[in-house]
Every structure is written in C-alpha cells, then in structure tokens.
Amino acid sequence: KSGDTVVIRKGTYPLTAPLSITTPYLTVRGETDDFNDVKLDGQNKVRCVNISVRGATLMNVSLIHGYIKNDNGGGAAALSCGACLRHCRIGDITTAQVRVQGVGVNATGGKIIDCVIEDITSTVSPTRAVGAYINTGTLMDRCVIRNCNTTAVGLDSAYQGRAVFGVHVLGGSAVQNCCIYNNSQGTITSAGYCTTGACFLEGAYSSIRNSFVYNNTYNGDSGAIPSYGIASDVASPVIVNCVVLENGPKDGVRSHNFV
C-alpha cells in the first residue's frame, strides 16, 4: 500500500511483462545498495519497468535488455507523474526501432537520481535520444550517461533532425551534476535539417548545470549538420557552470563543444 517498501532479493529476474508500479508513494528496492545484485531482465522482449504514479520510487536495481516496442521509447524504464528512478543501472540495450524517444529511459515528469545509463546502441536512424529523453519538468541529477551509441544517423524533418546520442532535455527539464561522456554517433547521412549532440536542450527553459560533457564523438564531419557536446534550438540556452571539452568528429577535423 502507499508508503510501504517492497524489497527484491538478490538475483536476476527474467521478465515476460514490465514491472508496473502503480501505488503512490510505494518504494521498490533491491536488497542491497549494489544495483548489480538485483537485475530485472527484459530479455529483449519487454520494457523492464513502468512507473506512473506520484511519489513511487524504484531503487538499487539494474534494468537490462529492455525492449522498444514503438517510438515512445523507454526500453528500460518509462517514468511519469513525478515518479523516481534512484541509484539504478540502465543498460545492455540494442534497438532497431526508428524515431525512439529515449532508448534507455523515457521520462515525462519525474526524477532520475544517482543512476548510470550506459552500453545502449541504436542500429537504425533516426533516434531522438539513445540514453534518455526527459520532458515535462523531469530532473536528472548526479547521473552518468556513457557509451550510448548510434551506428548510423539519417536525420529527417519529421523529427526536426534531432539525433541525440546522450540525453535530450525538453519541456523545462533539467540536467545537473551529471557526467556525459564517451558517447558516439555514426555517419550523418542526410543533410539539411538540424543539429545533434550528446546533450540537446530544446526550448527556452530546459537546462544543464554543473555537469561534465567530454569526449562525445561522431563519425566524420558533414559540414551541413554539425554535431556538438551541448546543442540547443534557442539563442540563449541555459548552460551554467559546465565543463565541455574534446567533443567532435572521430576524424579529428575540429571540436564541436557548443551550438
């Protein structure tokens, strides 16, 4: 019931349907503080978890091998309504689904705290966000986003050319105290749309603060579609107290750190 804590014992749990947390202010947690001790395995067949109520929290677990059924994203987790994902690992996901809004996590209102989002690959294009897609005032705090990759990028006007290989931040959402590094993007094949980046800020009130954005690369330099460490679609994006360096093409032509 609301306010209770459910403890998951150590082990790996193959899922045939997503774990759905639908009780407000319920906490579901792994038995220990090591998220590697409890693994919820989507088996490349189902999303790992849905959390759709205010105050509900999932913590201290790994969400692996999640499956993308459609372009709504969230192969490992889908959050909404103020739910919280805390101290979890999200990873080991590969998708061939196009136009995914967050291969790892799709959050429309909620919190992603102290999580590691890593080892996620999209093999098709376009992908709107490989690591995480956060919207509607979502907070991402003290997270690591690394080794999130696309193997090819063909941008299209339906998604305004957004091909984000780390985290896509929109709807007044905020990234703070995070490390976004060693993410990569394949060859950009369709010219004429928009920019891409390891972190993309969409809209006037989306922000990144106190974060480290480093060594995010893409294959070559199309010229017409530059790729950046941090990119934005507004003239004065909210980027505060960040270290952003050595982001750019794998061929080393030049570094693209900011839009």
Which pair of non-hydrogen atoms, one from [X] and one from [Y], has the smallest distance, and what is that distance?
X	Y	answer
G131	C148	CA-SG, 3.8 Å
I117	A132	CD1-CB, 4.1 Å
I134	M140	CD1-CB, 4.2 Å
E31	V7	CA-CG1, 3.7 Å
C242	I208	SG-O, 3.7 Å
D233	G203	OD1-N, 3.0 Å

Just wondering, do [Y] and [X] contact through their side chains at under 4.5 Å, heavy atoms?
X	Y	result
T16	V46	no
V103	Y133	no
C199	V167	yes
C48	L15	yes
R89	N36	yes

Check: [X] side chain, [Y] main-chain N or O, donor-acceptor pair, under 3.5 Å:
X	Y	value
S20	N50	no
N183	A198	no
T123	T95	yes
N247	I230	no
T27	T5	no
T138	S173	no

Does the side-chain contact (heavy atoms from CB on, under 4.5 Å) test come out yes or no for I90 and L85, once each step is laid out? CA-CA 10 Å; I90 296 96; L85 194 66; 3.7 Å; yes
Could you tell me the separation between the [atom1] atom of [X] and the [atom2] atom of [Y], rounded to the nearest 0.5 Å?
X	Y	atom1	atom2	answer
E246	Y214	CD	OH	4.0 Å
C179	I145	SG	CD1	8.5 Å
L58	C88	CG	SG	4.5 Å
I180	N215	CD1	CG	13.5 Å
T57	I51	OG1	CD1	7.5 Å
N177	R142	CG	CZ	7.0 Å

Worked verdict on R9 versus V38 for side-chain contact (heavy atoms from CB on, under 4.5 Å): CA-CA 7 Å; R9 298 277 185 160; V38 175; over 6 Å; no
Evaluation steps, side-chain contact (heavy atoms from CB on, under 4.5 Å), between T32 and K10: CA-CA 8 Å; T32 74; K10 288 183 182 182; 3.4 Å; yes
Yes or no on side-chain contact (heavy atoms from CB on, under 4.5 Å) for S52 and T22, after CA distance, side-chain angles and deciding distance? CA-CA 6 Å; S52 57; T22 57; 4.3 Å; yes
With salt bridge (charged side-chain N to carboxylate O under 4.0 Å, His left out) as the rule and sequence neighbours excluded, what pairs involving residues 33-45 come up?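 Non-adjacent pairs meeting salt bridge (charged side-chain N to carboxylate O under 4.0 Å, His left out): R29-D33.
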Under 3.5 Å, is there a donor-acceptor pair between the [X] and [Y] side chains?
X	Y	result
N182	N147	no
N135	T108	no
H65	N44	no

Cluster overlap [X] with [Y], hydrophobic side-chain contacts below 4.5 Å:
X	Y	result
V49	V6	yes
Y67	I93	no
M59	V144	no
Y13	I64	no
V244	V240	no

Should the ring pair F35 and H87 be called parallel, tilted or perpendicular, given that the plane angle runs from 0 to 90° and is split at 30 and 60?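 Plane angle between 30° and 60°, so tilted.
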